[in-house]
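Remember, predicted model here, so these are calculated numbers, not experimental data.
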Amino acid sequence: MSSRLLSDAERDLVATAPLFAALGAERFRDLSDRCRVEHYGVGEHLFETGSIADHLYFLLSGQLRLVRISAQGDETVMHFLTRPGAFAAAISLAGRAYPVNCEVMDECDVVVIPREACIGILRSTPRVATEVLGALIEWERFLRDEIFLLRHTKPVQRLASFLIDFEDCCCEQLDCENSVSYPEKRQIASRIGVRPETFSRSLRKLEAAGAIAKGSRLKILDRKILAESALGTGR
């Protein structure tokens with residue numbers, strides 16, 4: 001891991017996050033002067049389950065995954081982080097222990113923001129507290145949607161939806177076309193909550209429908225067919 005100061009372009013990007021946009025230019029400049037950009041390689045961890053949260057983070061580039069490990073050693077992928085944005089704000093501001101591991105999937109640059117600096121700003125800028133509450137509401141909505149998908153959609157629908165959403169997130173940054181590097185298949189299976197054998201059957205269904213080419217790397221061939229599969233109206 002290497003560490004450096006933020007560039008002006010990186011400051012401008014971080015300033016777009018609702019949490020920091022509420023600060024105003026002067027307060028944000030003071031905060032950003034206390035931040036560092038850290039570079040992480042594949043397989044490294046930003047934080048691990050049980051460690052006390054003393055920083056907030058902003059992903060500049062690369063990909064991360066949030067993983068929960070059971071007492072038996074089984075892992076469940078809770079979320080993939082693939083686009084620039086702030087994360088771990090609520091747990092960090094509360095000073096609680098992280099409930100998940102944050103592992104690097106694709107080497108990344110992350111802005112590390114000291115918790116104590118943010119706490120001071122919260123006390124002096126009530127608007128920031130409102131933005132934190134808004135972030136919590138968004139996360140709660142995300143979890144509700146997750147529960148609905150697990151209970152009311154078929155595995156092939158969840159897989160199709162994941163492939164579309166992941167490609168959209170990646171291509172927002174890279175302006176790519178059919179060149180998305182998807183996570184390992186076992187990680188996708190864990191993320192959408194299906195067993196490996198069920199995941200394999202779902203892949204075969206999407207491939208037979210002409211929606212994807214699975215091979216060594218997944219590739220979307222026909223987004224229309226994939227979207228129909230996500231809605232449950234496919235072949």
Side-chain angles (χ1 to χ4, degrees), residues 40-45 59-70 73-85 87 100-110 138-139 141-235:
Y40 291 85
V42 175
E44 291 189 271
H45 287 81
L59 178 64
L60 292 171
S61 63
Q63 297 180 1
L64 304 167
R65 65 180 190 135
L66 303 179
V67 182
R68 187 78 178 262
I69 308 295
S70 73
D74 299 322
E75 72 171 35
T76 298
V77 179
M78 306 299 293
H79 195 40
F80 291 109
L81 300 171
T82 58
R83 54 158 61 103
F87 63 98
V100 295
N101 294 343
C102 182
E103 183 182 341
V104 178
M105 296 169 50
D106 186 14
E107 63 178 82
C108 61
D109 288 323
V110 178
E138 285 300 315
W139 183 247
R141 183 178 295 118
F142 169 78
L143 293 177
R144 286 202 309 267
D145 290 345
E146 287 287 294
I147 292 171
F148 177 85
L149 288 174
L150 288 172
R151 290 183 176 177
H152 300 290
T153 61
K154 297 177 181 178
V156 70
Q157 291 178 263
R158 301 204 294 274
L159 174 57
S161 294
F162 173 86
L163 296 176
I164 291 171
D165 291 344
F166 195 90
E167 182 184 68
D168 287 346
C169 288
C170 291
C171 289
E172 279 180 15
Q173 304 172 62
L174 304 176
D175 192 29
C176 58
E177 184 175 348
N178 292 329
S179 58
V180 172
S181 179
Y182 285 101
E184 295 177 10
K185 294 172 185 176
R186 63 178 180 82
Q187 294 183 14
I188 299 176
S190 175
R191 175 66 188 86
I192 65 174
V194 300
R195 295 179 180 277
E197 57 271 22
T198 304
F199 180 77
S200 296
R201 285 197 297 270
S202 297
L203 278 179
R204 290 196 294 269
K205 287 180 182 178
L206 293 177
E207 186 178 39
I212 65 168
K214 56 187 182 74
S216 59
R217 290 184 60 182
L218 294 175
K219 181 178 180 181
I220 295 178
L221 298 179
D222 192 316
R223 266 184 79 99
K224 182 179 178 182
I225 293 176
L226 195 61
E228 290 171 350
S229 298
L231 292 172
T233 59
R235 302 172 191 174

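- Distance CD1/I212 to CG/L159: 6.5 Å, rounded to 0.5 Å.
- Environment of CZ in R195: sparse, with no more than 12 heavy atoms of neighbouring residues, nucleotides or ligands closer than 6.0 Å.
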Output, in order, the C-alpha distance, side-chain angles, deciding distance and verdict of side chain to side chain contact (heavy atoms under 4.5 Å, CB included) for H79 and V100.
CA-CA 10 Å; H79 195 40; V100 295; over 6 Å; no
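- L64 places a side-chain heavy atom less than 4.5 Å from the side chain of V104.
- Put simply, the side chain of K214 reaches to within 4.5 Å of the side chain of R204, judged on heavy atoms.
- The minimum heavy-atom distance between L59 and C108, with the atom names listed, is CD1-CB, 4.0 Å.
- Considering only heavy atoms from C-beta on, R201 comes within 4.5 Å of E197 through its side chain.
- Heavy-atom neighbours of R223 CZ from other residues, nucleotides or ligands within 6.0 Å: above the threshold of 12.
- Atom CD of residue Q63 and atom OG of residue S181 lie 6.5 Å apart, to the nearest 0.5 angstrom.
- Of all the heavy atoms in P155 and V194, the pair that sits closest is CB-CG1, 3.7 Å.
- Here CD of Q157 is found 10.5 Å from CG of L206. Values are rounded to the nearest 0.5 Å.
- The main-chain N or O of R186 is never found under 3.5 Å from a side-chain atom of S190 such that the two would form a donor-acceptor pair.
- Between E146 and R158, none of the side-chain N atoms (NZ, or NE/NH1/NH2) sits under 4.0 Å from a carboxylate O, so this pair counts as no salt bridge.
- Side chains of N101 and E75 form no contact here, defined as non-hydrogen atoms less than 4.5 Å apart.
- Between Y182 and K219 there is no side-chain heavy-atom pair separated by less than 4.5 Å.
- In this structure, SG in C102 is found 13.0 Å from CE in M78, a value given to the nearest 0.5 Å.
- Taken to the nearest 0.5 Å, the CD atom of E103 stands 12.5 Å off from the CG atom of L81.
- Proximity of M105 to P183: side-chain heavy atoms (C-beta onward) are separated by under 4.5 Å at one or more points.
- A 4.5 Å side-chain heavy-atom check between Q187 and V67 finds every atom pair outside the cut-off.
- Classified by interplanar angle (parallel below 30°, tilted 30° to 60°, perpendicular above 60°), the ring pair F166/F80 is perpendicular.
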Start with the C-alpha distance between I220 and V180, add both sets of side-chain angles, then the distance that settles side chain to side chain contact (heavy atoms under 4.5 Å, CB included), and finish with yes or no.
CA-CA 9 Å; I220 295 178; V180 172; over 6 Å; no
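- The CG atom of L66 lies 12.5 Å from the OG1 atom of T76; values are rounded to the nearest 0.5 Å.
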